[in-house]
S.K.: 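Sharing a structure here in structure tokens format.
Here the structure is a predicted model, which is why all the values come from computation and not from measurement.
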Amino acid sequence: MFILSTKKLTYVLLAFVFIQFSFLNAQPVSLRGDMTIKELADVNYSSVRIVHDPVTDNLYILRNDGVVERVEFNSDTTSTTFTSVYTKSDHGLEDLLGMAFSQDGTLYLVGNSTSSSNNEYGTGTVVKGIPDSLGSEERTWSILAETVEYPFGRIYNHRMSGIAVDPNGEYIYVNSGARTDHGEERDGFREVGLTSIILKLPADGDTITLQNSREWLRTHDYIMAEGIRNDFCLAFSGNGDLFSVENSGDRDDPEEMNWIREGHHYGFPWRIGGNNTPQQFAGYNPMNDPLLAPNAWGGGDLYGTFYNDSLYPSPPDSVTFTEPVMNYGPDADSFRDTLTGEVKDASELGIPITTFTPHRSPDGIVFDKDSSLAWDLKGDAFVISLAAGNTFTPLQDTSQDLLHIKLTKMGDSLYKAHVTRLAYGFIAPLGIELVGNKLFIVETGLWSRPFNAPPKLYEITLPIDIPITDVNTIKNSPVTFKLYQNYPNPFNPTTKIKYTIAPPNLSKGETVGTSFMKFVKLKIFDILGNEVATLVNEEKQAGSYEVEFNASKLSSGVYLYRLQAGDLIQTKKLILLK
């Protein structure tokens, strides 16, 4: 008898809800009570990015057809419109996939030009537009770097795409994705010098010609990292570390989030999502591969085939591959056993996955660099996922959602992540930007929409931080009594609950002494109102507190937690998924 776990059953139900959502064409659904989602406007079908200019404070949408649009927030009509600012006639690029601003307002664009009928040969180009004056949209355009003609991937986003400017403005980093699905030979080539790398280019570069030679690129210090498959989006965290997200191939290998460091090799095509690519081993039979869909067997796949590849190259000598960030759940962490093909949930087993459920296609990442968000989101990453490929597969992970990534740095060589879904119900989200506590997500027209509706631009309002310096001092906060949403939620088996207690008439910036005390109770109840745990039951000074709740002895389900301080009471819901 086949039995779904609680979390997998939840995913099935969410998939059903998503289907209903699609037919009704409703807006995405928030999974946090303190987070709202607002539909702003329809966007062009070729929209691929949304980026903030730190100098003008404007938002811009990049379109694959060469147009850059300014987002206009019309406060008098509460509508959002778009103004075309730049086209191909300005910057000279087509097939635009990447856009980034530096802190001084310089605009960098990444485009590609196809020179063959089968779309497998062409060039990649990075241009920069320097403002004619501070804050001006009039720009002087020039080519920063351009490749020689080279054989790139047939899938459009496996070309030059993702771009990030380092915090000091000295270098830009550009993804040049893999030309193959998994390292197979195609038209006499596998990967070439200009594919499956992240380029490091001087921001003040001028008409650099990038050769299709890995040795030449290394000699000229133009390589940041190697062994990436398709890092469609790159972003710096608040501490200056560079991260990327990338998808896997047709095989059910996990999707990756990588901490990108200079000189590191991330394994492709010998490693994908923490798994070894099976074709590199003698005797491989794709028909016996438990992670391979039948349509990818020898000729069934449009972009490549899996076969016993006796000529598969050996891994480079003296290179240690760098593994992806480890996801400890609770979400986006389903995988298939490499021996049996059985679908498993990593966090339910108490193990990590590298990094996301296969075929989610993570394609956008941003950070709360200014640490302005609420305590459980402060300084963290947010990731969108493009595909809905798992809705009807054994993996049962609906994707096309927004993920919250809580990263913890483990020394100098490792990050671990806790991943929680914040919203679902987008359709092919491809661009993401965070401005203050406003998260903007732009969809693209890659997937069909109900009733031929156009893709959308959404504004998500995230909760902000309430600054509290220590347990005896409260500054800049009008809040006298607050119970926060637990984190993570859902959880298994531990979660953290934060609350604040302050005098009701505290002046802004005033210091609280030890004389203000309240008797505080923080208790957990089941859905029927039965008390199951007491976390706090004592007098507390004014201040901010955090407690951990361990539910290892409780069954999966919905529970309530209630905070009482004198006559003040607040109650919230938490979900235990085992």
S.K.: Give a yes or no on this: more than 12 heavy atoms of other residues, nucleotides or ligands lie within 6.0 Å of atom NZ of K573.
M.R.: no
S.K.: With a 4.5 Å limit on heavy-atom distance, are the side chains of P463 and Q485 in contact?
M.R.: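 Counting from C-beta outward, P463 and Q485 never come under 4.5 Å.
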S.K.: Do the side chains of Q279 and H182 get nearer than 4.5 Å, heavy atoms only?
M.R.: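 Yes. Closest side-chain heavy atoms under 4.5 Å.
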S.K.: Taking all heavy atoms of R336 and all of D252, pick out the closest pair and write down the distance.
M.R.: NH1-OD2, 2.7 Å
S.K.: May I have the step-by-step check of side-chain hydrogen bond (donor to acceptor under 3.5 Å, both in side chains) for T355 and N327, ending in yes or no?
M.R.: CA-CA 5 Å; T355 306; N327 173 10; over 6 Å; no
S.K.: Spell out, as yes or no, whether a donor-acceptor pair under 3.5 Å connects the side chain of S556 to the backbone of K578.
M.R.: yes
S.K.: Let me confirm one number: the NZ-CG distance from K523 to N537, rounded to the nearest 0.5 Å.
M.R.: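 Rounded to the nearest 0.5 Å, the NZ-CG separation comes to 5.5 Å.
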S.K.: Is it possible for you to check whether K521 lies under 6.0 Å from the centre of the six-membered ring of F519, through NZ or CZ, and within 45° of that ring's axis?
M.R.: no
S.K.: Taking side chain as C-beta onward, heavy atoms only, is E255 less than 4.5 Å from V245?
M.R.: no
S.K.: Could you tell me whether the side chain of W259 reaches within less than 4.5 Å of the side chain of E323, counting heavy atoms only?
M.R.: no
S.K.: Do S334 and K344 have side-chain N/O donor and acceptor atoms under 3.5 Å apart?
M.R.: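 No donor-acceptor contact under 3.5 Å links the two side chains.
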S.K.: Does R49 make a cation-pi contact with F232 (under 6.0 Å, within 45 degrees of the axis)?
M.R.: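 Yes, R49 and F232 form such a contact.
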S.K.: Donor-acceptor pair, distance only, cut-off 3.5 Å: does the side chain of N258 make one with the backbone of I260?
M.R.: no
S.K.: Would you find a donor on one side and an acceptor on the other, under 3.5 Å apart, between the side chain of N486 and the backbone of L574?
M.R.: no
S.K.: Is the closest side-chain heavy-atom distance between L402 and Y458 below 4.5 Å?
M.R.: no
S.K.: Output yes when K496 and D376 qualify as a salt bridge under the 4.0 Å nitrogen-oxygen rule, no when they do not.
M.R.: no
S.K.: With sequence neighbours left out, write down each residue that passes ring pair (Phe, Tyr, Trp, His ring centres under 6.0 Å) with Y561, or none if nothing qualifies.
M.R.: none
S.K.: Check this for me, if you would: do D253 and R229 make a salt bridge, where the nitrogen-to-carboxylate-oxygen distance has to be below 4.0 angstrom?
M.R.: no
S.K.: Kindly indicate whether the side chain of D380, heavy atoms from C-beta on, has any atom under 4.5 Å from the side chain of I405.
M.R.: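 SC-SC contact between D380 and I405 ruled out.
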S.K.: Can a donor-acceptor pair be found, under 3.5 Å and without considering hydrogens, that links the side chain of S248 to the backbone of I272?
M.R.: no
S.K.: Pair S361, D363 - check side-chain hydrogen bond (donor to acceptor under 3.5 Å, both in side chains), show working.
M.R.: CA-CA 6 Å; S361 292; D363 59 0; over 6 Å; no
S.K.: V366 and I432: which non-hydrogen atoms are nearest, and at how many Å?
M.R.: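 It is CG1-O, 3.5 Å.
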S.K.: Quick one: do the D241 and Y415 side chains pair a donor with an acceptor below 3.5 Å?
M.R.: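 Distance-only check passes for D241 and Y415.
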S.K.: Sequence neighbours left out, what passes ring pair (Phe, Tyr, Trp, His ring centres under 6.0 Å) with Y284? Give chain and number order.
M.R.: none
S.K.: Counting distance only, does the side-chain N/O of T354 pair as donor-acceptor with the main-chain N or O of M326 below 3.5 Å?
M.R.: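 No; zero donor-acceptor contacts below 3.5 Å.
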S.K.: Short question: side chain of E443, backbone of K456 - any donor-acceptor pair under 3.5 Å?
M.R.: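 Yes, because the side chain of E443 sits within donor-acceptor range (under 3.5 Å) of the backbone of K456.
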S.K.: Starting from the C-alpha separation in whole Å, work towards a yes-or-no answer on side-chain contact (heavy atoms from CB on, under 4.5 Å) for F281 and N276.
M.R.: CA-CA 9 Å; F281 302 110; N276 287 320; 3.8 Å; yes
S.K.: side-chain contact (heavy atoms from CB on, under 4.5 Å), that's the test. Do L377 and D368 meet it? Break it down for me.
M.R.: CA-CA 8 Å; L377 306 174; D368 174 28; 5.8 Å; no
S.K.: Return yes if a side-chain donor-acceptor contact under 3.5 Å exists between D333 and S347, otherwise no.
M.R.: yes
S.K.: Check D331 with R421, please: is the shortest side-chain N to carboxylate O separation under 4.0 Å?
M.R.: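 Between D331 and R421 there is no salt bridge, as every charged N stays at least 4.0 Å from the carboxylate O atoms.
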S.K.: Does some side-chain heavy atom of F549 sit less than 4.5 Å from a side-chain heavy atom of L554?
M.R.: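 Yes, at least one pair of side-chain atoms sits under 4.5 Å.
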S.K.: With a 4.5 Å limit on heavy-atom distance, are the side chains of V442 and L430 in contact?
M.R.: no
S.K.: Any donor and acceptor pair, going by atom type alone, linking the side chain of Q280 with main-chain N or O of W270 inside 3.5 Å?
M.R.: yes
S.K.: Would you compute the distance between atom CE of M224 and atom OH of Y173 and round it to the nearest 0.5 angstrom?
M.R.: 5.0 Å
S.K.: On a heavy-atom basis, which atom in D412 and which in R261 lie closest, and how many Å separate them?
M.R.: O-NH1, 3.9 Å
S.K.: Is T420 reaching over with its side chain to a backbone N or O of H404, donor-acceptor style, under 3.5 angstrom?
M.R.: no
S.K.: Keeping T495 on the side-chain end and Y487 on the backbone end, is there a donor-acceptor pair under 3.5 Å?
M.R.: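 Yes, T495 side chain to Y487 backbone: donor-acceptor pair under 3.5 Å.
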S.K.: Is a side-chain donor or acceptor of S244 paired with a backbone partner of L234 at a separation under 3.5 angstrom?
M.R.: no
